[in-house]
Number of protein chains: 2
Amino acid sequence: MIPIHPQSARAEQLVGRLQASGHRLTPQRLALVDLLASDTSHPSAEQVYSRLKAQYPTISLATVYNTLEMLVALGEALPLDLNDGCTRYDVLRPAAHPHVICRRCGRVADLDLDGVDAMLDQARAAVQYEDLQARVHFDGICPTCARNPTEPEEGSGA
Amino acid sequence: MIPIHPQSARAEQLVGRLQASGHRLTPQRLALVDLLASDTSHPSAEQVYSRLKAQYPTISLATVYNTLEMLVALGEALPLDLNDGCTRYDVLRPAAHPHVICRRCGRVADLDLDGVDAMLDQARAAVQYEDLQARVHFDGICPTCARNPTEPEEGSGA
DNA sequence: TTAGGTGCAAATCATTTGCAATCTC
DNA sequence: GAGATTGCAAATGATTTGCACCTAA
């Protein structure tokens with residue numbers, strides 16, 4: 001009843017990283033990694049938790065937070081603070097990159113802008129901080145929400 | 001015993017904005033505005049609260065949050081989410097601009113980079129969001145903390 | 001076997017809210 | 001005097017922690 005095999009290449013990679021760093025591979029953890037590796041929606045811990053409860057009714061939020069924290073510590077998950085009240089996680093592209101969040105429905109999308117590196121270089125030249133990192137995100141009203149003013153697209157991608 | 005007059009031009013401006021929008025000018029509120037208008041350290045609500053308690057021992061955090069929220073609603077204060085666990089407020093430069101935060105001591109400084117507008121233009125061209133805004137901040141180890149590895153500069157600017 | 005993992009519940013921490021007393025206008 | 005504001009305390013919501021039980025290696 002328990003899948004013992006990662007469902008995707010990225011999931012397999014994550015499982016390998018976890019095990020290489022001395023962590024155990026439990027069924028819940030495998031399910032969590034499989035979920036994250038196939039989820040492009042930048043889910044929050046709460047969202048991961050409620051999706052996982054379908055397969056593992058006894059799983060707890062603490063386990064979800066623990067595992068996410070492991071992945072972040074390994075550099076395999078990127079925590080996103082997009083000012084929407086909770087931390088979201090990007091496991092598919094763990095290197096920092098810009099995101100866009102819709103202020104109405106909360107949907108988060110990736111974005112690639114070549115202006116970011118130039119700006120980081122400017123900042124490094126302007127201040128003498130060590131290990132300076134850039135955090136860039138954008139917020140606005142997504143096309144779907146703009147089209148449906150009365151019915152925000154809650155949950156469709158958040 | 002209660003100063004009835006704003007202590008600076010910016011404080012006077014803020015008082016005017018608050019009154020023009022139908023809010024009352026209470027002693028606590030005047031003291032809060034005076035404090036914010038003379039504070040370049042991007043303080044958090046908690047920091048504003050503890051500094052204000054010296055003058056108004058009975059003031060409550062709720063009052064601080066209420067007044068900050070008013071100023072934000074009026075566009076006279078910029079809330080900053082710099083991933084350090086609390087919201088900081090910039091009352092001196094309420095238009096969005098980049099900030100640098102030290103990961104060790106928490107000190108926040110302003111930064112001006114002409115690359116930001118270019119990047120925002122790129123983002124607006126890349127996605128069709130309405131009212132797209134950029135949020136940019138940097139984090140690293142400030143020169144002072146880098147110089148004193150054993151004794152982080154807690155509280156010096158946070 | 002055994003150290004790490006799990007799940008529950010309780011603890012934290014920032015922020016918000018309910019409400020009666022208070023104060024500005 | 002009317003209605004906004006205050007301050008306390010309790011509520012909220014995200015995240016963390018303590019701890020006894022469990023389980024992968």
Side-chain angles (χ1 to χ4, degrees), chain A residues 1-6 14-33 42-50 52-53 55-74 77 79-89 106 158, chain B residues 1-6 15-16 18-33 42-50 52-53 55-74 77 79-89 106 158:
Chain A
M1 96 199 220
I2 292 167
I4 262 330
H5 215 69
L14 290 172
V15 162
R17 294 273 197 283
L18 282 173
Q19 292 184 312
S21 62
H23 292 292
R24 291 183 185 167
L25 185 58
T26 64
Q28 294 93 320
R29 200 164 279 176
L30 176 56
L32 201 157
V33 162
H42 310 82
S44 66
E46 187 74 46
Q47 289 168 335
V48 169
Y49 169 64
S50 51
L52 233 42
K53 261 198 306 195
Q55 294 176 60
Y56 295 92
T58 69
I59 200 172
S60 79
L61 254 177
T63 298
V64 173
Y65 276 109
N66 282 340
T67 309
L68 285 171
E69 189 181 332
M70 275 175 209
L71 293 172
V72 170
L74 291 171
L80 305 178
D81 246 307
L82 304 178
N83 305 7
D84 70 332
C86 61
T87 302
R88 289 150 169 290
Y89 295 86
Chain B
M1 94 197 225
I2 293 165
I4 261 332
H5 215 70
V15 162
L18 281 173
Q19 292 185 311
S21 63
H23 293 293
R24 292 182 184 170
L25 185 58
T26 65
Q28 294 93 321
R29 202 165 278 175
L30 176 55
L32 201 156
V33 162
H42 310 82
S44 65
E46 187 74 45
Q47 289 168 335
V48 170
Y49 169 64
S50 51
L52 232 42
K53 260 198 307 195
Q55 295 174 60
Y56 295 92
T58 67
I59 200 173
S60 79
L61 255 176
T63 299
V64 174
Y65 276 109
N66 281 340
T67 309
L68 286 170
E69 189 182 332
M70 275 174 209
L71 293 172
V72 170
L74 291 171
L80 305 178
D81 247 307
L82 303 179
N83 306 7
D84 70 332
C86 61
T87 302
R88 291 150 169 287
Y89 295 85

Take A/Lys53 and A/Tyr49 through the test side chain to side chain contact (heavy atoms under 4.5 Å, CB included) and record every step on the way to the result.
-> CA-CA 6 Å; A/Lys53 261 198 306 195; A/Tyr49 169 64; 3.7 Å; yes
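- Spacing between atom CG of A/Leu30 and atom C1' of C/dG5 amounts to 15 Å, rounded to whole angstrom units.
- In this structure, the nucleotide among D/dT17, D/dG3, C/dT17 sitting nearest to the side chain of B/Ala62 is C/dT17.
- Put simply, A/Gln19 has a side-chain N or O that comes within less than 4.0 Å of OP1 or OP2 on D/dA25.
- Dashed line: the shortest gap from a side-chain N or O of A/Tyr65 to OP1 or OP2 of D/dT16 is not under 4.0 Å.
- Atom pair A/Asp84:CG and D/dA14:P shows a separation of 10 Å (rounding to whole Å applied).
- Taking atom CD of A/Glu46 as the reference point, atom P of D/dT16 lies 13 Å away to the nearest angstrom.
- Each of A/His23, A/Arg17, A/Gln19 was evaluated against A/Ser21; a single residue qualifies, A/His23, per the side-chain contact (heavy atoms from CB on, under 4.5 Å) test.
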Passes side chain to side chain contact (heavy atoms under 4.5 Å, CB included), A/Val72 versus A/Tyr89? Steps please.
-> CA-CA 9 Å; A/Val72 170; A/Tyr89 295 86; 3.9 Å; yes
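- The closest donor-acceptor contact from the side chain of B/Gln55 to the backbone of B/Leu52 lies at 3.5 Å or more, if one exists at all.
- Among the atoms of the strands shown, only primed sugar atoms or phosphate atoms (P, OP1, OP2) are found under 4.0 Å from some heavy atom of B/Gln28.
- Between A/Ser44 and the phosphate of D/dA14, there is no side-chain N or O to OP1/OP2 separation shorter than 4.0 Å.
- Residue-to-nucleotide contacts include no donor-acceptor pair under 3.5 Å from the side chain of B/Arg29 to the base of D/dT5.
- Taking side-chain N and O atoms only, B/Thr58 has no distance below 4.0 Å to OP1 or OP2 of D/dC8.
- The side-chain heavy atoms of A/Asp81 and A/Pro79, taken from C-beta on, include no pair separated by under 4.5 Å.
- Across the protein-nucleic acid pair, A/Asp81 atom CG and D/dA14 atom C1' stand 11 Å apart, rounded to whole Å.
- One atom, CZ of A/Arg88, and another, C1' of D/dA14, lie 13 Å apart when rounded to the nearest Å.
- Rounded to whole angstrom, the span from the CG atom of B/Leu80 across to the P atom of C/dA14 amounts to 17 Å.
- We find that CD of A/Glu69 is positioned 11 Å from P of C/dG5, with the value rounded to whole Å.
- Side-chain contact check for B/Leu18 versus B/Leu71: some heavy-atom pair is nearer than 4.5 Å.
- Residue-to-nucleotide proximity on DNA chain D shows that, of B/Thr63 and A/Thr26, the 5′-proximal contact is made by B/Thr63.
- The B/Cys86 side chain lies nearest to C/dT15 when the options are C/dT15, D/dA14, C/dG7.
- The residue among B/Asn66 and A/Asn66 whose nearest nucleotide of DNA chain C lies closer to the 5′ end is A/Asn66.
- Counting any heavy atom pair closer than 4.0 Å across all strands shown, B/Gly22 reaches no nucleic acid atom.
- Atom-to-atom, OH of B/Tyr56 to P of C/dC23 comes out at 13 Å; the value is rounded to the nearest Å.
- Close to D/dA4, at under 4.0 Å from its OP1 or OP2, lies no side-chain N or O of B/His23.
- Taking 3.5 Å as the limit, the base of C/dG5 and the side chain of A/Arg24 contain no donor-acceptor pair of atoms between them.
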